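Notes for the one structure printed next.
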Number of protein chains: 2
Amino acid sequence: MAPARTPGSTAARKGRLSRELVLAKALELVDAEGLDALTMRRLGQELGRDPMSLYRYAENRAALLDGVTELVLNQLSIQPKDPDWKAQLRHIAHSLRSLALQHPNVVPLLVTRPLSTPLGMRPLGTLRPLEQILSLLIEAGFAPPDALHVYRAYYGFLYGHILNELQEFVVDPEENEALLRLGLHRLPPREFPRLRSLGPDLATYDGSAELDQGLSILLSGLESQLSVHAG
Amino acid sequence: MAPARTPGSTAARKGRLSRELVLAKALELVDAEGLDALTMRRLGQELGRDPMSLYRYAENRAALLDGVTELVLNQLSIQPKDPDWKAQLRHIAHSLRSLALQHPNVVPLLVTRPLSTPLGMRPLGTLRPLEQILSLLIEAGFAPPDALHVYRAYYGFLYGHILNELQEFVVDPEENEALLRLGLHRLPPREFPRLRSLGPDLATYDGSAELDQGLSILLSGLESQLSVHAG
DNA sequence: CGCGTACAGTCTACACTGTAGATAGGCGTC
DNA sequence: GACGCCTATCTACAGTGTAGACTGTACGCG
């Protein structure tokens, strides 16, 4: 008999399991079929293993979700030494935006998990960007408390933008305008005149440009308000 | 026998059920014990009714959640005729912030549900703020597409701020600093020097002031960039 | 060689979830 | 009284996370 036995459906079993393997498959599954599809049983099947084996690599389902967010956030590369802090923050923002567009189903985790976990108990991978951005700003000459202010305004805006953009995001670009109009058509004209008439503008949303524009305003505003002492 | 029969545990049955009653109890439950506590069975018990009766007032559990978000957002009062649009946006922002602080467990719904629902299919209550803010801005002299830009930057920032603030929010103000420090202490000093040393500043976060500050920057920036033609 | 121990993976079982479908109770109208 | 309608209940089912006991295999040590 051939050594390939595929007891599950999709995946043959290959060697030993590992946390990396488990998390990678989990992310794959979430990307493909959404958060609800990520059940222990399903993930086990996808790996060709008993669901219970997963508990060796993640204490909980919750911990598994944390692992997935960590996996995504680890793809964010930050240069805390960049002397041009504004350019660096712009770069980070666009990276995070594109990560979010690549893994839209993970975004709810990104924004939601920290709400139920005190700062100090979060997975380290999710705190690293915070640390690095603080470092970047302090290195650039901000007093540490001001760096915190800047970080909050910046990251707040960034997360907000991402949420906003994903809300208007429709998967199939062909049906985009049609679906949108269809949706809008259902709204009572009396109550929603503005929204209905903005249909075309909604359909031609350029998220990247809008992010950039908002950042320009915010960053230069912050800069002039909290004077940077050349480091 | 007295007419009061309390088959569940907490709530006596009073008259007929209604959507309002169901949603109110649902919100109450979520506020008190979090989203996970809101199961059909539990809510039924809380109302002294069979869980199945709820399906008459909400098609789904998902629809129930939508109803709860609607209930919260309906408490947001917006004056679309206010000629001072900046003051009005400030006011809305603070109202939404305080709603979020009052119902922190609902916030994940607020930011998450729209991600899985195309714009036109959302509960009308959740679209009303959008419509009204657009109205406010157009009335104030913005060209409709510019109004959309302003709305996006504004609402994005606002949601981002709320998420940020709730992440740092700790329920018991007594334990606040202690817990925070405790949490921070667990971080490897080598990797997280900045974050650790900012502990005290994290503990004295004034969300309202920071929101205001960010709004000042953003709104005046937007105003000067997209010239308002006096209406 | 043989034995012991550690650990990856499995099996079974339990309490709990959302909800489809059939069933009962109470009301107004003919 | 008989009918139909609407609300609420009951029963049942497939699916969930996970505790606890169990099996197998690999490896070091005598």
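Just so it is clear, the structure is predicted and the values come from calculations on it, not from any experiment. A, B, ... follow the sequence lines: proteins, then strands. Residue 1 opens every chain.
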Item checked: cation_pi(Arg128(A), Phe192(B)) dist<6.0 Å, angle<=45 -> no

Item checked: Integer-rounded Å distance: dA8(C) P and Leu47(A) CG -> 16 Å

Next item on the list: Apply side chain to side chain contact (heavy atoms under 4.5 Å, CB included) to the pair Leu96(A) and Leu73(A), showing each step before the final yes or no.
Entry: CA-CA 8 Å; Leu96(A) 188 59; Leu73(A) 276 184; 4.1 Å; yes

Next item on the list: Answer yes or no: is there a donor N or O on one side and an acceptor on the other, between the side chain of Glu46(B) and the main chain of Lys25(B), under 3.5 Å?
Entry: no

Next item on the list: Please work out which residues in residues 52-59 of chain A have a non-hydrogen atom less than 4.0 Å from an atom of DNA chain D and list them by number.
Entry: Met52(A), Tyr55(A)

Checklist line | salt bridge (charged side-chain N to carboxylate O under 4.0 Å, His left out) partners of Arg194(A), counting only residues at least two apart | finding: Glu139(B)

Notebook entry, point to check: What is the distance, rounded to the nearest whole Å, between atom CG of Leu21(B) and atom P of dT7(D)?
Noted result: 14 Å

Next item on the list: Using atom CZ of Arg41(A) as one end and atom P of dC14(C) as the other, report the distance to the nearest whole Å.
Entry: 14 Å

Note to self: Can you pull out the residues from residues 28-40 of chain A that lie within a 4.0 Å heavy-atom distance of DNA chain D?
What the structure shows: Thr39(A), Met40(A)

Check: Does Asn60(B) place a side-chain N or O at less than 4.0 Å from the phosphate oxygens OP1/OP2 of dG18(C)?
Finding: no

Notebook entry, point to check: Separation of Leu43(B) atom CG from dT19(C) atom C1', in whole Å?
Noted result: 15 Å

Margin query: Strictly distance-based, threshold 3.5 Å: is any side-chain N or O of Thr112(A) a donor or acceptor partner for the main-chain N or O of Leu109(A)?
Written below: no

Check: What nucleotide, of dG9(C), dT10(C), dT9(D), holds the atom closest to the side chain of Asp50(A)?
Finding: dT10(C)

Item checked: Nucleotide dA6(C), atom P - distance to CZ of Arg16(A) in whole Å -> 17 Å

Item checked: Rounded interatomic separation in angstrom, taking CG from Leu17(B) and P from dC6(D) -> 17 Å

Notebook entry, point to check: Arg122(A) and Gln167(B): which non-hydrogen atoms are nearest, and at how many Å?
Noted result: NH2-O, 3.0 Å

Notebook entry, point to check: Of all residues at least two apart in sequence or in a different chain, which pass the ring pair (Phe, Tyr, Trp, His ring centres under 6.0 Å) check with Tyr155(B)?
Noted result: Tyr151(B), Tyr159(B)

I'd like a list of close polar pairs between nucleotides 23-28 of chain D and the protein, N/O only, cut-off under 3.5 Å.
none

Checklist line | For Arg97(B), all residues meeting salt bridge (charged side-chain N to carboxylate O under 4.0 Å, His left out), sequence neighbours excluded | finding: Glu165(B)

Check: Would you call Glu131(B)-Arg196(A) a salt bridge at under 4.0 Å N-O?
Finding: no

Next item on the list: Consider the side chain of Arg49(B), meaning its heavy atoms from C-beta on, and name the nucleotide among dG9(C), dG17(D), dA8(D) that approaches it most closely.
Entry: dA8(D)

Next item on the list: Report the distance from atom OH of Tyr57(A) to atom CD of Glu20(A), rounding to the nearest 0.5 Å.
Entry: 10.0 Å

Item checked: Separation between CG of Leu47(B) and CG of Leu54(B), rounded to the nearest 0.5 Å -> 6.5 Å

Check: Whole Å only: how far is the CZ atom of Arg61(A) from the P atom of dG15(D)?
Finding: 16 Å

